[in-house]
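Below is one structure; the comments refer to it alone.
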Amino acid sequence: MLKQTFPINVDDTINSGQVFLWEKHDKTWYGINGNNVLAVPSNAEIFSYSKTAYNFFRNDDDFERILCDISRDHIVRSAVKRFPGLRLLRQDPFQCYISFVVSANSSIQNIKNTLHKICKKFGPKIRFNKNYFYLFPDPKKIAVAEKHELLSCGLGYRTKAVKNAAEAVVSGEIDFDFLQKSNYHVAKESLLNVFGIGNKVADCILLFSLEKLDSFPLDRWMLRVLQKYYSDKFELNMKTLTEKRYENLHKEIVKYFGPYAGYSQQFLFKMERELNQKKWL
DNA sequence: TACTAACCTGTACG
DNA sequence: ACGTACAGGTTAG
């Protein structure tokens, strides 16, 4: 019933800056998600390498209610109308965490290349549907990797951050199960303690893999959106967002967009990227 | 506290 | 072909 009203648009969702290790072959998307490969045809009925059931498209969310709740002004409403099949994804936490550490100050294509090399170098190779895939490596594997091996994946100065982040997971300093159960602020504080994770990266990890739908990652694009459409609602002087300013702005944003602000962010982001003809294919 | 330079890789443009 | 501009967030000074 709901699915008839709100079918998932797989293309739009995969190409919305959330995931990086996805490729389309013969009308089916294949993506690495932790130690699994998901195959997703356009009807969004997943079949996966390890047959564990997993709600990647967050079908357990009440979309009708959420889309209704976030449609608080004509901007969001038109974005929802333009991309009604866009979804937030529920990603493997470790892969998401490393992916966004890698993403810091890098471009989409660079991020994709680097992550693919990391999988190829450190991840197990498996066969699925007559194709070979490299799964995402375990935390341990990255934590013990030699610096020059990571460097050769194109990480550059992010090498230290990636290694450090993996070590934090191995040591238990970062515990995804715990963070999932914690609220936004507790989980965020924990992530911010990791070298290489600032506000934006932390918010991406929280939104895309740790169930924090009130997270609202503020990158260049979202600042542009806020300035363009919401300058009357939010006070932003467009200089660098300091820790405190980011925090205050986030508070204002949740007050305005509500508990599903993360969904609003995804729709607004997608809309603005499309306006600027940015493709991720 | 607030601003700024430095960090690395890859692509686009002239 | 060659430089130069640009895309990107975090950290340290």
Side-chain angles (χ1 to χ4, degrees), chain A residues 15-21 23 91 95-122 142 145-169 173-174 187-210 212 215-228 234-251 253 262 265-266 268-281:
Chain A
N15 289 310
S16 66
Q18 301 183 67
V19 289
F20 306 99
L21 292 170
E23 281 175 16
Q91 299 182 41
Q95 179 178 333
C96 185
Y97 167 87
I98 295 297
S99 296
F100 283 94
V101 170
V102 170
S103 82
N105 199 24
S106 188
S107 52
I108 302 271
Q109 195 51 57
N110 269 357
I111 301 164
K112 287 182 176 180
N113 294 342
T114 299
L115 289 173
H116 181 252
K117 285 180 200 162
I118 287 175
C119 289
K120 193 160 180 182
K121 201 166 196 44
F122 302 106
I142 296 179
E146 299 285 346
K147 286 266 171 69
H148 71 269
E149 289 184 293
L150 289 166
L151 256 179
S152 73
C153 297
L155 279 166
Y157 63 84
R158 302 175 197 83
T159 299
K160 182 182 162 200
V162 167
K163 191 168 166 61
N164 208 268
E167 284 166 356
V169 174
E173 181 194 330
I174 289 293
K188 180 151 182 182
E189 204 173 321
S190 175
L191 287 173
L192 286 178
N193 284 327
V194 179
F195 177 86
I197 299 186
N199 274 292
K200 188 271 181 180
V201 168
D203 277 340
C204 287
I205 299 164
L206 292 170
L207 180 59
F208 301 142
S209 72
L210 296 172
K212 305 298 178 276
S215 172
F216 194 104
L218 290 162
D219 65 349
R220 279 176 144 52
W221 287 92
M222 286 315 297
L223 288 178
R224 228 167 282 175
V225 166
L226 293 181
Q227 175 164 252
K228 193 165 162 189
F234 305 110
E235 178 119 24
L236 26 139
N237 70 52
M238 282 272 91
K239 295 172 190 171
T240 48
L241 271 184
T242 61
E243 186 95 15
K244 265 219 156 49
R245 213 183 277 149
Y246 191 109
E247 207 176 295
N248 287 336
L249 186 51
H250 177 261
K251 210 180 295 171
I253 281 170
Q265 185 270 356
Q266 202 56 32
L268 292 169
F269 182 84
K270 179 75 181 173
M271 180 178 68
E272 197 62 12
R273 291 292 291 212
E274 193 202 50
L275 274 180
N276 290 273
Q277 332 243 320
K278 300 283 179 186
K279 301 279 184 252
W280 293 295
L281 297 168

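Reminder, nothing fancy here: chain letters follow the sequence lines and each chain counts from 1. As the structure is a computational prediction, the values presented were derived from the model and not from experiment.
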Query raised in the report: Will you find, in the side chains of A:Gln109 and A:Ser107, an N or O donor that is under 3.5 Å from an N or O acceptor?
Result: no
Query raised in the report: Which of the following nucleotides, B:dG10, C:dT10, C:dG8, is nearest to the side chain of A:Ala104?
Result: C:dT10
Query raised in the report: Taking the nucleotide of DNA chain C with the closest heavy atom to each, which residue, A:Lys160 or A:Ser103, is nearer the 5' end?
Result: A:Ser103
Report summary line: Here the distance between atom C1' of B:dC8 and atom CG of A:Asn113, to the nearest Å, is 14 Å
Report summary line: Ranking C:dG8, C:dT10, B:dG10 by distance to the side chain of A:Asn110, first place goes to B:dG10
Query - Qualifying residues under side chain to side chain contact (heavy atoms under 4.5 Å, CB included), relative to A:Ser209, sequence neighbours excluded - result: A:Gln91, A:Pro93, A:Cys96, A:Ile205
Query raised in the report: Just how far, in rounded Å, is P of C:dA7 from CG of A:Leu223?
Result: 14 Å
Report summary line: Among C:dT10, B:dA2, B:dC8, the one nearest any side-chain atom of A:Val201 is C:dT10
Report task. Mind calculating the distance between CZ (A:Arg158) and P (B:dT9) to the nearest angstrom? Result -> 8 Å
Requested in this report: Compare side-chain N and O positions of A:Trp221 against OP1 and OP2 of C:dA7 and report whether any pair is under 4.0 Å apart.
Outcome: no
Query - Short side-chain donor-acceptor distance under 3.5 Å, A:Glu189 and A:Asn193 - result: no
Report summary line: Winner on side-chain proximity to A:Lys200, out of C:dG8, B:dG10, C:dT10, is C:dT10
Query raised in the report: Does any non-hydrogen side-chain atom of A:Ile108 lie less than 4.5 Å from one of A:Phe20?
Result: yes
Report task. Could you state the atom-to-atom distance from NE2 of A:His148 to C1' of B:dC8 in whole Å? Result -> 19 Å
Report task. To the nearest Å, give me how far apart CG (A:Leu241) and P (C:dT10) are. Result -> 10 Å
**Report entry** Centroid distance under 5.5 Å and plane angle under 30°, A:Tyr157 vs B:dC8
**Finding:** no
Requested in this report: If the plane angle is over 60° it's perpendicular, under 30° parallel, otherwise tilted; pick one for A:Trp221 and A:Phe269.
Outcome: perpendicular
Report summary line: Rounded to whole Å, the NZ-P distance (A:Lys244 to B:dC3) equals 14 Å
**Report entry** Whole angstrom value for the distance that separates P of C:dT10 from CG of A:Leu192
**Finding:** 9 Å
**Report entry** d(CD, A:Gln109; C1', B:dA12) in whole Å
**Finding:** 14 Å
Query raised in the report: Reckon A:Leu155 touches a base, only the sugar-phosphate, or nothing at all at heavy-atom distances under 4.0 Å?
Result: nothing
Report task. With heavy atoms under 4.0 Å as the rule, sort A:Asp219 into base, sugar-phosphate or nothing. Result -> sugar-phosphate
Query raised in the report: What is the nucleic acid contact for A:Val194, judged by heavy atoms within less than 4.0 Å: base, sugar-phosphate only, or nothing?
Result: sugar-phosphate
Query raised in the report: From C:dT11, C:dT10, C:dG8, pick the nucleotide closest to the side chain of A:Phe195?
Result: C:dT11
Query raised in the report: More 5' along DNA chain B: A:Lys117 or A:Asn105, using each one's nearest nucleotide?
Result: A:Asn105
Report summary line: Tightest non-hydrogen contact, residues A:Ser106 and A:Arg158, listed as CB-NH2, 3.6 Å
Report task. Please tell me which of the listed nucleotides, B:dT9, B:dC3, C:dG8, lies nearest to the side chain of A:Leu151? Result -> B:dT9
